[in-house]
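I have placed the structure first, in the form of structure tokens, so that the comments after it can refer back to it.
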Protein chains: 2
Amino acid sequence: MAESNETGLPRAVMIAWGMEEAPQRGPSRGLSHERIVAAGIELADVEGLAAVTMQAVAKALGFTTMSLYRYVSSKDELLLLMQDAAFALPKRAVLPRGWRAALVAWAELVREAYRAHPWALGIPRGQTSVLMPNSVRAADLGMSALGDLEIDQESKVGVILVVSQLAASMVELEGSLATEGMVSTTPEGTGLLAEVITPERFPHIARLFTASSWAGAEQPLPEKPVIDGGTLEVDGEFGLGLSLLIEGLEARQRAAEGSGA
Amino acid sequence: MAESNETGLPRAVMIAWGMEEAPQRGPSRGLSHERIVAAGIELADVEGLAAVTMQAVAKALGFTTMSLYRYVSSKDELLLLMQDAAFALPKRAVLPRGWRAALVAWAELVREAYRAHPWALGIPRGQTSVLMPNSVRAADLGMSALGDLEIDQESKVGVILVVSQLAASMVELEGSLATEGMVSTTPEGTGLLAEVITPERFPHIARLFTASSWAGAEQPLPEKPVIDGGTLEVDGEFGLGLSLLIEGLEARQRAAEGSGA
DNA sequence: ACCTGAACACCGTTCAAGT
DNA sequence: ACCTGAACACCGTTCAAGT
């Protein structure tokens with residue numbers, strides 16, 4: 001399905017790594033993979049992923065829709081290229097010493113990358129995503145962050161995967177909380193909800209929905225008590241998740257030291 | 001945008017909680033919210049989310065496309081209803097005693113729910129998702145799992161959120177690894193990759209891509225060394241993430257006990 | 001009241017044709 | 001070799017009309 005050549009590699013992978021013979025011959029009017037991907041990213045940044053249609057991308061470049069198909073074999077392929085291009089960590093990023101600080105710094109880099117282009121999270125990450133250049137670069141940097149942590153390689157990859165997914169989840173969440181238009185709960189709405197989310201039926205969480213802190217106000221409806229804006233909230237979740245993972249790793253390391261050396 | 005009535009609540013929320021005056025009057029030919037949502041879910045289960053078009057859903061029910069709009073005001077609303085309906089935890093689920101075992105059991109329930117309808121992860125979860133019945137039910141059960149864990153309420157919600165996002169991420173990942181058709185790497189493809197993912201450029205991760213374990217074989221391309229099938233792999237990541245979170249919580253609890261009581 | 005038919009403004013993608 | 005024009009088979013959604 002995603003394959004193309006004799007190589008067995010998805011064409012998006014080959015294009016992204018520059019393995020694709022760039023045609024560049026004859027009266028090229030100046031279209032290219034790079035320009036197409038850049039136009040798509042610009043469009044997604046400004047108007048959202050839904051605005052990225054083949055027609056819109058072509059129009060932004062001043063070409064007809066069909067001209068894109070000489071460079072990109074389908075819209076999905078374009079989206080894959082956009083996804084990877086959007087997920088670029090800063091070049092030559094330097095991480096602090098010590099796995100703990102390094103992991104935190106790496107997690108923050110990953111989160112910032114997602115935040116810069118949150119629509120990229122709406123593009124399904126499949127097998128081919130893993131082979132794309134910026135994905136490989138990020139993974140390599142992540143592994144280097146865990147350099148002096150004494151767990152097996154397999155677990156390191158696991159930690160990196162879990163942390164990057166945590167970052168992705170939280171950015172996606174904070175994005176949807178911000179974008180979707182606050183659910184400005186009117187007294188009527190709050191009343192209706194309170195009738196149905198009762199302490200009897202939901203003893204452990206009902207009070208979070210009926211807390212006076214947000215009733216009637218123009219605040220995001222939380223899964224938890226509101227303290228600040230939605231962003232700070234999720235910021236807290238990200239920090240909590242990351243901290244717990246790190247403390248778990250520390251506990252393991254202590255245990256290993258205790259029994260080992 | 002997602003609002004509808006005087007209540008300020010998204011219409012999907014009202015429908016899902018049964019607050020919407022079901023028309024049911026006169027010569028109803030038998031269409032209903034429930035039937036429409038069920039048809040959509042069936043379609044998504046069998047043919048994927050992309051196959052869920054208004055036309056296809058209507059056809060499956062033996063009605064015209066436009067008949068759906070009497071019950072659902074847009075496709076997005078239908079998707080929201082499907083998302084929540086798909087995310088039903090078993091009724092009256094009983095969790096084991098003790099927060100640790102309870103949290104593991106809850107996480108497993110959540111993961112199984114996602115696994116039963118993985119396409120639901122492709123529908124953006126926004127603010128309104130949080131207000132949907134099954135989401136509230138799951139959150140309540142999750143909070144009950146952490147009953148005897150001595151951290152503040154806010155952190156409990158955070159833990160639940162992080163764990164459910166972890167489950168979602170891993171199900172999504174294992175889904176895309178399985179569905180997208182294995183990248184059956186030919187020797188040519190492996191060679192090309194090896195030229196570009198070199199130990200010099202990616203010292204910490206290159207060997208994972210060029211490991212002989214998968215070169216040329218019909219195995220999933222991993223972000224980590226292959227041991228078994230893709231599913232078991234991700235199973236491992238899920239377990240690792242969850243274990244680390246729990247161990248982090250234990251460490252915190254110990255610290256609190258040490259200083260506190 | 002519930003459902004249908006016809007229509008509208010879009011999609012992604014193809015194919016043959018221009019230069 | 002690169003790009004265009006015309007066409008196809010779909011989308012979601014509207015509106016006025018039937019029963």
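Order of the sequence lines sets the chain letters (A, B, ...), proteins ahead of strands, with each chain counted from 1.
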When the ring planes of A:W17 and B:F202 are compared, do they come out parallel, tilted or perpendicular, using 30° and 60° as the limits?
perpendicular
For a quick test of reading the model, state the closest non-hydrogen atom pair linking B:F209 to A:V136 and the distance between them.
CZ-CG2, 3.9 Å
Measuring to OP1 and OP2 of D:dC2, would you say a side-chain N or O of A:Y71 lies under 4.0 angstrom away?
no
Given atom [atom1] of [X] and atom [atom2] of [N], what is their separation to the nearest angstrom?
X	N	atom1	atom2	result
B:H33	C:dC2	NE2	P	11 Å
A:E77	C:dG12	CD	P	15 Å
B:D76	D:dG12	CG	P	10 Å
B:K59	C:dC3	NZ	C1'	19 Å
B:L31	C:dT4	CG	C1'	13 Å
A:R70	C:dT14	CZ	P	13 Å
B:L61	C:dC3	CG	C1'	13 Å
B:L68	D:dC11	CG	C1'	14 Å

Using a cut-off of 4.0 Å on non-hydrogen atoms, how would the nucleic acid contact of [X] be classed: base, sugar-phosphate, or nothing?
X	value
B:M54	sugar-phosphate
A:T65	base
A:S67	base
B:F63	sugar-phosphate

Would you find a donor on one side and an acceptor on the other, under 3.5 Å apart, between the side chain of B:H33 and the backbone of B:Y71?
yes
Spacing of B:M54 atom CE and B:I36 atom CD1 [to the nearest 0.5 Å]:
7.5 Å
Check A:V37, A:L43, A:V57 against A:M82 for a side chain to side chain contact (heavy atoms under 4.5 Å, CB included) and give me the one that passes.
A:V37
Does the pair A:E174/A:R115 count as a salt bridge with the N-to-O cut at 4.0 Å?
yes
Looking at B:E42, I'd like to know if its CD atom is crowded, meaning that more than 12 non-hydrogen atoms belonging to other residues, nucleotides or ligands lie closer than 6.0 Å.
no
Could you provide the dot-bracket string of DNA chain D, using ( ) for intrastrand pairs, [ ] for crossing pairs and | for bases paired to another strand, with Watson-Crick or G-U pairs below 3.5 Å?
||.|||||...|||||.||
Selection from [options] that lies nearest to any side-chain heavy atom of [X]:
X	options	answer
B:T64	C:dC15, D:dC3, C:dT4	C:dT4
B:M66	D:dT14, C:dG12, D:dC11	D:dT14
A:Q55	C:dT13, C:dC11, D:dC3	C:dC11

